[in-house]
Colleague: 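I am attaching a structure below and will ask some questions about it afterwards.
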Amino acid sequence: MDSSPIAALSTQLVQQQTAQSAQVAVAKKAMDSQAQTAAGLIEGMNKTAAALPDHLGNTINTTA
């Protein structure tokens, strides 16, 4: 009985698992980066909103 096909299958499965693990790691890093960017944008908006006068944004012009 030749074990060559079994060894080839085993090697292929290990390579697929390694590739999948790498893809998951890249996806996690991308999501972390996006979360940090979103947090920075929200923080920037809060700082900008705090710097505006209190009377802005209290009324809506409905006749325009």
Colleague: Quick one: does T48's side chain have a donor or acceptor within less than 3.5 Å of a partner on G44's backbone?
Modeller: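 Yes: the side chain of T48 pairs with the backbone of G44.
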Colleague: Are there over 12 heavy-atom neighbours, none belonging to D54, within less than 6.0 Å of that residue's CG?
Modeller: no
Colleague: Measuring from atom CD of Q20 to atom CD of Q23, what distance do you get when rounded to the nearest 0.5 angstrom?
Modeller: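 Between atom CD of Q20 and atom CD of Q23 there are 7.0 Å.
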Colleague: How long is the gap from OG1 on T37 to CD1 on I42, to the nearest 0.5 Å?
Modeller: 11.0 Å
Colleague: Side chains of N61 and T59: donor-acceptor distance under 3.5 Å anywhere?
Modeller: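 Not at all, the side chains of N61 and T59 share no donor-acceptor pair under 3.5 Å.
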Colleague: What is the distance from atom CD of Q36 to atom CD of Q34, rounded to the nearest 0.5 Å?
Modeller: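 Those atoms lie 11.0 Å apart.
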Colleague: Donor-acceptor check, side chain of S10 to backbone of I6, threshold 3.5 angstrom: yes or no?
Modeller: no
